[in-house]
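We number each residue from 1, following the sequence as shown. Remember, it's a predicted structure, so these values are computed and weren't measured experimentally.
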Amino acid sequence: MTTFNQLRELRLEGNYLFRLPNEVSSLQHLRAIDLSRNQFQDFPEQLTTLPALETINLEENEIVDVPVEKLAAMPALRVINLRLNPLSADVRVIAPPLIKFDMLMSPEDTRAPPP
């Protein structure tokens, strides 16, 4: 990943990923990342260190908890898609008043359709 340090967009959707390598933190120019339809159970916190990141797509994973405070501190973040994730009630209540970006969530208890 360090070879592509000027990368602006990274599309890794549908790859059965469950974590990101720490080297993702070196992608300081990354503006958009698509990690939808993977197997993340934990939010990939390396993303919160990327200053240019504007769009995060984590739709259809298994994420329950989100580092809302770290996301709120991201200067360029405009949209995070967390639809079809089993987000905790805490995230649903705490996030809206703290964030200045669009957080897309499915209605509670909505699950991804079986494969």
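When all heavy atoms are compared, the tightest approach of Ala72 to Lys100 is O-NZ, 2.8 Å. Scanning all heavy atoms of the two residues, the minimum distance from Leu30 to Leu50 falls at CD2-CD1, 4.0 Å. Here the closest heavy-atom approach between residue Phe43 and residue Asp65 is recorded as CB-O, 3.8 Å. Nearest approach of Phe101 to Ile80, heavy atoms of both residues: CE1-CG2, 3.4 Å. In terms of heavy atoms, Leu20 sits closest to Val24 at CB-CG2, 4.0 Å. Smallest separation of non-hydrogen atoms from Gln39 and Tyr16: NE2-CD2, 3.3 Å.
To the nearest 0.5 Å, atom CG of residue Asn57 and atom CD1 of residue Ile33 are 10.0 Å apart. Here the CG atom belonging to Leu58 is positioned 12.5 Å from the CZ atom belonging to Arg37, to the nearest 0.5 angstrom. Taking OG1 of Thr48 as the start and CG of Leu53 as the end, the distance is 9.5 Å to the nearest 0.5 Å. The OG atom of Ser106 sits 9.5 Å away from the CD atom of Glu60 when rounded to the nearest 0.5 Å. Expressed to the nearest 0.5 Å, how far CD of Gln46 lies from CZ of Arg19 amounts to 9.0 Å. Within the model, atoms CE of Met103 and CG of Asn81 stand 10.5 Å from one another, a figure rounded to the nearest 0.5 Å.
Comment: Glu45 engages Lys70 in a salt bridge, judged by a side-chain N to carboxylate O separation of less than 4.0 angstrom.
The hydrophobic cluster analysis finds Phe18 isolated: no Ile, Leu, Val, Met, Phe, Trp or Tyr side chain comes under 4.5 Å of it, directly or through other members.
The one candidate from Leu104, Leu87, Ile56 that meets the side-chain contact (heavy atoms from CB on, under 4.5 Å) condition with Leu82 is Leu87.
For Leu98, the side chain to side chain contact (heavy atoms under 4.5 Å, CB included) partners are Val68, Glu69, Ile94, not counting sequence neighbours. Residues passing the side chain to side chain contact (heavy atoms under 4.5 Å, CB included) test with Glu54 are Arg31, Ala76, Arg78, sequence neighbours excluded. For Arg11, the side chain to side chain contact (heavy atoms under 4.5 Å, CB included) criterion is met by Glu9, Glu13, Asp34, not counting sequence neighbours. Residues satisfying the side-chain hydrogen bond (donor to acceptor under 3.5 Å, both in side chains) test with Gln28, not counting sequence neighbours, are none. Scored by the side chain to side chain contact (heavy atoms under 4.5 Å, CB included) test, Asn15 finds Leu12, Leu17, Asn38 as partners (sequence neighbours excluded).
Linking ILVMFWY residues whenever their side-chain heavy atoms come closer than 4.5 Å, directly or via other members, places Leu10 and Phe4 in the same cluster.
Checked by atom type and distance alone, the side chain of Asn85 pairs as donor or acceptor with a backbone atom of Ile63 at under 3.5 Å.
Looking only at side-chain heavy atoms (C-beta outward), Met105 and Arg92 come within less than 4.5 Å of each other.
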